[in-house]
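Taking it in order: structure first as structure tokens, then the write-up.
Here is the naming used below: chain letters follow the sequence lines, and residue numbers restart at 1 for every chain.
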Number of protein chains: 2
Amino acid sequence: MRAGRPRWASSSSTSRFRPTRASCGSPRCSTSRISSPPSTSDHRGRLEQQMTTTRQPGLVSVARHAGVSVGTVSNTINRPHLVAAETKARVRASIAALGYVPNRAAAALRRGSNPIIGLVIPDVMNAFYAAIVDAVVEAADRHRYAVSLCVSHDDPDRERRHFELLAEQRAAGALVVPVDADRSRLAQLRAFGTRLVLVDRRAEEAEGCSVAVDDVLGGYLAVSHLLQGQGNGVTIVNGHPAIPQCHDRREGARDALVEAGRNPDSLIEFVVATMNFAAGVEVARRIVAQDAPRRIFCINDQLALGVIEGLTAQGLRVPEDASVIGYGDLGLGASSRLSTVGQPKHEMGDEAVRKLLDELMDGESHVHTATVFPPHLIVRGTSSHAHDLTVA
Amino acid sequence: MRAGRPRWASSSSTSRFRPTRASCGSPRCSTSRISSPPSTSDHRGRLEQQMTTTRQPGLVSVARHAGVSVGTVSNTINRPHLVAAETKARVRASIAALGYVPNRAAAALRRGSNPIIGLVIPDVMNAFYAAIVDAVVEAADRHRYAVSLCVSHDDPDRERRHFELLAEQRAAGALVVPVDADRSRLAQLRAFGTRLVLVDRRAEEAEGCSVAVDDVLGGYLAVSHLLQGQGNGVTIVNGHPAIPQCHDRREGARDALVEAGRNPDSLIEFVVATMNFAAGVEVARRIVAQDAPRRIFCINDQLALGVIEGLTAQGLRVPEDASVIGYGDLGLGASSRLSTVGQPKHEMGDEAVRKLLDELMDGESHVHTATVFPPHLIVRGTSSHAHDLTVA
DNA sequence: TTGTAGGCGTTATCAC
DNA sequence: GTGATAACGCCTACAA
């Protein structure tokens, strides 16, 4: 089917233009008109409300068709156990025959709540959050909930706007990675009856359920692993310590040193502004120049890959001359040679949905819980068959 | 605030357990009870429908409070130009005073359509689709539409289930990367009145709008770039040619050879089953063993990074001894040294939303269009300040 | 086990 | 410009 598509060569003019962020009206991209829709038999003037054509069939149509009452049809759909088998069958047949599609908006209006789960994350391009989105969407689908996604980009306004949307939809609940520590917006949403589960953050006081990961333990695992190799001292390449993750992972690193009988202050720290590949390359230069320890814990994988690149460019061999460990298992998936600390992302998303649904179902008897998942060490590149290792 | 969190050391037992995919009931992750919610003042027995507490204020409450009719309140919200300035102000004050939140479910019921855009993609973890999600969510937010996300994982059932959901919600429209070539499901959804825009696929016949990227051009750009370097012949590391992207990019590669006055059949092809890092490493071995051309076009970035790794492991230097180019710009973001072909992902998502909204607004007069975006070459690693280059 | 009827909160069409 | 009022399609006591 795609064989019939026009070859680029046949319209080489398109290759002249590079898309910009401007509007697409300009000839920068080839836009072809497709036969204008021949007013597909659906020319209903907006004035004639009463059409002879059978509009979207509702419960009533189904009821008539099956020779039962609307209540029975509703019951067959929502509480099948209350309906006699034979009636049920007849109703179902009618539903299929008429192509009836229930109207959730009407149900939501009546019930006062909508089977929609809001999901607010800071960034979809980030593999960590993407994994959570994946898990949440899957779990929600299993329970026939819709997922209304919001990407906050750390903008409180966006977050608030999505909260309003959820409130207007009378969404059943929301899973949110809050933008900042200001919980007043969250409280506001909750006050409106929307159940909330915090993700990647601890819920405080008795405000609700939460799902998080133990970054202190993660830092500990990473540095404990480094300490098993040869060398002396440990270097940490960190982001700004005001970021909770950075703070916590460093704490864990210090714990590992303490456990090994060393002074936690012996940890040599390099702080970078942006935690990416380029910064890693740059830090590698400083590490070599200052002759810092060659057992290096990087706060994330991109930084780690950058450091390796930088070390290699300076003639050092990894892992012979230096040990590097990353964090997050987000770089190239399981394909690179980098050891790292993995986080149970899918489980987190899963558990968040579970908590929310539990709160929705149990209602009064629900007890808020805070689950903290332990990360795990992933050791790679030691043998030709790199594999995941779990360290107790 | 996070200072108060328990240190891992204080409950070292958690570090003993590694989460499995099983249920969270087991002691594998530390779950702490948070003070049980003291039945937050909200103990309304399900029998007493009539509560004395002012339920959620509706249009009527606002109307009463402002001393106007419901119609006027509705108008102040939806068609402010029809309302006198002074009345408008009074109504708005009442809305704020009562904390009124409009009920979208009711509006949707009445209007027959819901301001929700469905988005169906095969995979959120894939950076290409993640970028599209990001763009779509942002554009939808600008217009106050909600985005209902579905990740199909190439499963037609999931796709169908989400289509049903959208139909039940009376969603305004949907953006979809279809699972397969079978367009009957799409037709079904469309028949229900949901507007559809195809993403990363060409719409056929007059079925609707679509947004895609020109992979033939992308392959051409990549190989043209390789041909500018020294060496003779070109190697392509490809996925299965039944995948449209793989097929098209190879076509473009052949076009480039033709343009350079070479025989397109001189292209040496290695086909891999899974297009990841490990496969790249393996292919590199075969390339060296068979002495295939050292100008290598890889169908994606992961493969390319694997090939570089494999070549390096065999003692070759890149780019001195071999030129490698990837595709997609998805590897490490803009941070690696790999040249590649970039796709205007954000523009695609943006344009898809624009087409959908246009169809929604214009109604009858809407004309379906198919937009094909040109990819662009990204050359990296040539200087110490790697930067993006656009080639005309 | 099934039928009946009232109302959920909005929108839109009228008169005024 | 504003006020009444009739749907929209479904759920759920309650009656039969």
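In this structure, the nucleotide among dT10(C), dC10(D), dT2(C) sitting nearest to the side chain of Ala107(A) is dC10(D). Of the candidates dT5(D), dT10(C), dC11(D), dC11(D) carries the atom nearest the Leu59(A) side chain, counting heavy atoms from C-beta on. When each of dT5(D), dC11(D), dG3(D) is scored by its nearest atom to the side-chain atoms of Arg111(A), the top-ranked nucleotide is dC11(D).
For the atom pair CD1 of Ile117(B) and CG of Leu357(B), the computed distance is 5.0 Å after rounding to the nearest 0.5 Å. Interatomic distance, CG of Asp157(B) versus NE2 of His162(B), reported as 14.5 Å (0.5 Å rounding).
Atom CD of Gln56(A) and atom P of dG9(D) are 8 Å apart (whole Å). At whole-Å resolution of the value, CD in Gln169(B) and P in dC10(D) are 14 Å apart. Counting to the nearest Å, the C1' atom of dC8(D) and the CG atom of Asn114(B) are 13 Å from each other. Look at CD on Glu86(B): it is 13 Å from P on dG1(D), rounded to the nearest Å. Between Arg170(B) atom CZ and dT11(C) atom P there is a gap of 18 Å when expressed in whole angstrom units. Note: CG (Asn103(A)) to P (dT10(C)) measures 16 Å, nearest angstrom. Protein atom CG of Leu109(A) is 12 Å distant from nucleotide atom C1' of dT11(C), rounded to whole Å. Rounded to an integer number of Å, the gap from Leu82(A) CG to dC14(D) P is 16 Å.
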- Message: As a quick check of understanding, evaluate side chain to side chain donor-acceptor pair (under 3.5 Å) for Lys88(B) and Thr72(B), giving each step before the final call.
- Response: CA-CA 8 Å; Lys88(B) 215 155 35 181; Thr72(B) 303; over 6 Å; no
- With side chain to side chain contact (heavy atoms under 4.5 Å, CB included) as the test, would you mind laying out the steps for His153(B) and Asp134(A) before giving the verdict? CA-CA 10 Å; His153(B) 285 292; Asp134(A) 190 49; 2.8 Å; yes
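Closest of all the heavy-atom pairs between Ala106(A) and Leu109(B) is CB-CD1, 3.7 Å. Smallest separation of non-hydrogen atoms from Pro115(B) and Arg104(B): CG-NH1, 2.6 Å.
For dA12(C), one of the phosphate oxygens OP1 or OP2 lies less than 4.0 angstrom from a side-chain nitrogen or oxygen of Arg79(B). Look at Thr87(B) and you won't find any side-chain N or O under 4.0 angstrom from OP1 or OP2 of dG1(D). For the OP1/OP2 pair of dG3(D) and a distance below 4.0 Å, the side-chain nitrogens and oxygens of Ser69(B) include at least one atom meeting the criterion.
A donor and an acceptor atom sit less than 3.5 Å apart, one in the side chain of Arg110(B) and one in the base of dT11(C).
Nucleic acid contact class of Asn78(B) (heavy atoms, under 4.0 Å, all strands): sugar-phosphate only. Val60(B) comes within 4.0 angstrom of no nucleic acid atom, judged by non-hydrogen atoms across all strands. Ser74(A) comes within 4.0 angstrom of a base, heavy atoms only. Backbone-only engagement by Gly58(A) is indicated by non-hydrogen atom pairs under 4.0 Å involving sugar-phosphate atoms exclusively.
A residue-by-residue look at Ala106(B) and Gly71(B) shows that Gly71(B) has its nearest nucleotide of DNA chain D further toward the 5' end.
Summary for the helix from dT1(C)-dA16(D) to dC16(C)-dG1(D): the axes at its two ends, each from 5 pairs, differ by 30° when rounded to the nearest 10 degrees.
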